[in-house]
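Just below is one structure, and these are the notes that go with it.
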Amino acid sequence: MTAVIHPDIRPRINSVASDDLNAAERERIHAKSALFAPPEARLADGRRDLVGLSREELAALMTDIGEKPFRAKQLWHWIYHQGATDFSAMTTIAKPMQAKLAEHFVVSRPETATEQTSVDETRKFLFRFRDGQEAETVYIPDRREDRGAVCISSQVGCTLSCTFCHTGTQKLVRNLGPAEIVGQFMAARDSYGEWPSPSADMPRYLSTIVLMGMGEPLYNYENVAKAMRIIMDGEGIALSRRRITLSTSGVVPMMDRCGEELGINLAISLHAVTNELRDQIVPLNRKYPIEELIAACRRYPAASNARRITFEYIMLRGVNDSEADARELVRLIRDLPAKVNLIPFNPWPGSDFQPSSRAQIAKFANIVMDAGFASPIRAARGQDILAACGQLKTESERQRRTAASDT
């Protein structure tokens, strides 16, 4: 079915868009990402962190210290299946080898600077990395079952500056490395004691990952992809690609690559149905407007009726919550395997926006549901600890700014 283009976006269509243009854009994105590269995963004493390495890199390090490559398989099991951080706990490895490993390597986690648990049992972690930078991670338990989602950050700060998002008010400092991304999930499992990794037929309390924390994951694709491959490896953490969702504001060239290489679930931070409004509240839209974003969703290879693309839509009173907006949203996604998450706006200090009324959200949801799309209204979680959607922003960064304003 050919989509009908809304009049306000017709002039912006670039009919010359091509694979070559996408490739050039990817190179530009990679070059920019390199400017915000994470520090090497190494301690001051020279020891290398084994977390975040691929199997091939782990085997190469074993060769470097005069050991057989099969040691990498042993280490992989202990690090990612058993959750061990101390070589002396790796009982299938002889003690002399344990000592040799400890001389050259570490198996670490990010430091837990603070850990807060909400009245609704949502848990927020402020993780501190070796260079002193910090990022937040949230565990959101399911209300009905003994399972839940770990919301992981991909960057320290964010480069997108979406006007409704608290995280977006913190400028991008740097990308997180694979060890720091994987380490967030592993540290959360430490907190809940979920080691060794449950087998496929066992329930998992930390059952899913959503890359919806601080940062735009597709602007740090290489590190995110490496981390997700480690997490999906069947002999370690072994989380299925069907249990991982990446949320993007619409970095179109990297959406294609993510679908081809990782095949994980896709969520789109849409939040507006016209370019005029989305340009204002999601500035990335000026580069990749709605029609290009929707076209990339149609191309996404992992999307199907069984694995629908999630469109995230934050409800802002008098801004994007009209019944006309709901009808235009339906028109935009009408030929996609999709569902819509309606997100009541979570107020944060300094924001100019107000949440839509419950009655207006219900009207909006009914229009979307009547068109055949699931349209759940997301319940706000962790608001008392600023862990709800759009509220993530490190406490230490807030304190630094407050101290600076007082001097």
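Keep in mind it's a predicted model, so treat the numbers as computed, not measured. Computed over heavy atoms, backbone and side chain alike; hydrogens, waters and symmetry mates excluded.
Side-chain contact annotation: S154 with N175, donor-acceptor N/O pair under 3.5 Å absent. Side-chain contact annotation: D49 with S108, donor-acceptor N/O pair under 3.5 Å present. Residues T163 and Q280 bring no donor and acceptor atom of their side chains to less than 3.5 Å of each other. Using modelled atom types and a 3.5 Å distance limit, the side chains of R123 and T117 yield a donor-acceptor pair. With no hydrogens or angles considered, a side-chain donor-acceptor pair links Q82 and H77 at under 3.5 Å. S269 and E312 share a donor-acceptor pair across their side chains, judged by distance under 3.5 Å alone.
Looking at K287 and E292, no side-chain N of the basic residue comes within less than 4.0 Å of a carboxylate O on the acidic one, giving no salt bridge. With respect to the salt-bridge test (charged N to carboxylate O, under 4.0 angstrom), the residues R331 and E328 qualify.
When all heavy atoms of R278 and L270 are compared, the pair lying nearest together is NE-O, 2.8 Å.
Identified under the salt bridge (Lys or Arg N to Asp or Glu O under 4.0 Å) test for residues 77-94, with sequence neighbours left out: none. A ring-ring contact (aromatic ring centres under 6.0 Å, His included) check over residues 191-250, counting only residues at least two apart or in different chains, returns the pairs Y139-Y192, Y139-Y205, Y192-Y205.
D64 is linked by a salt bridge (charged side-chain N to carboxylate O under 4.0 Å, His left out) to nothing, counting only residues two or more places apart in sequence or in another chain. Applying the side-chain hydrogen bond (donor to acceptor under 3.5 Å, both in side chains) criterion to R299, with sequence neighbours excluded, gives D256. Applying the ring pair (Phe, Tyr, Trp, His ring centres under 6.0 Å) rule to W78 yields no partners; only residues at least two apart in sequence or on another chain are considered.
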What side-chain donor-acceptor pairs closer than 3.5 Å can you find for residues 99-107, not counting sequence neighbours?
{"from": "K100", "atom 1": "NZ", "to": "I65", "atom 2": "O", "distance (Å)": "2.7"}
{"from": "K100", "atom 1": "NZ", "to": "E67", "atom 2": "OE2", "distance (Å)": "3.0"}

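Interatomic distance, Q98 CD to M90 CE, rounded to the nearest 0.5 Å: 8.5 Å.
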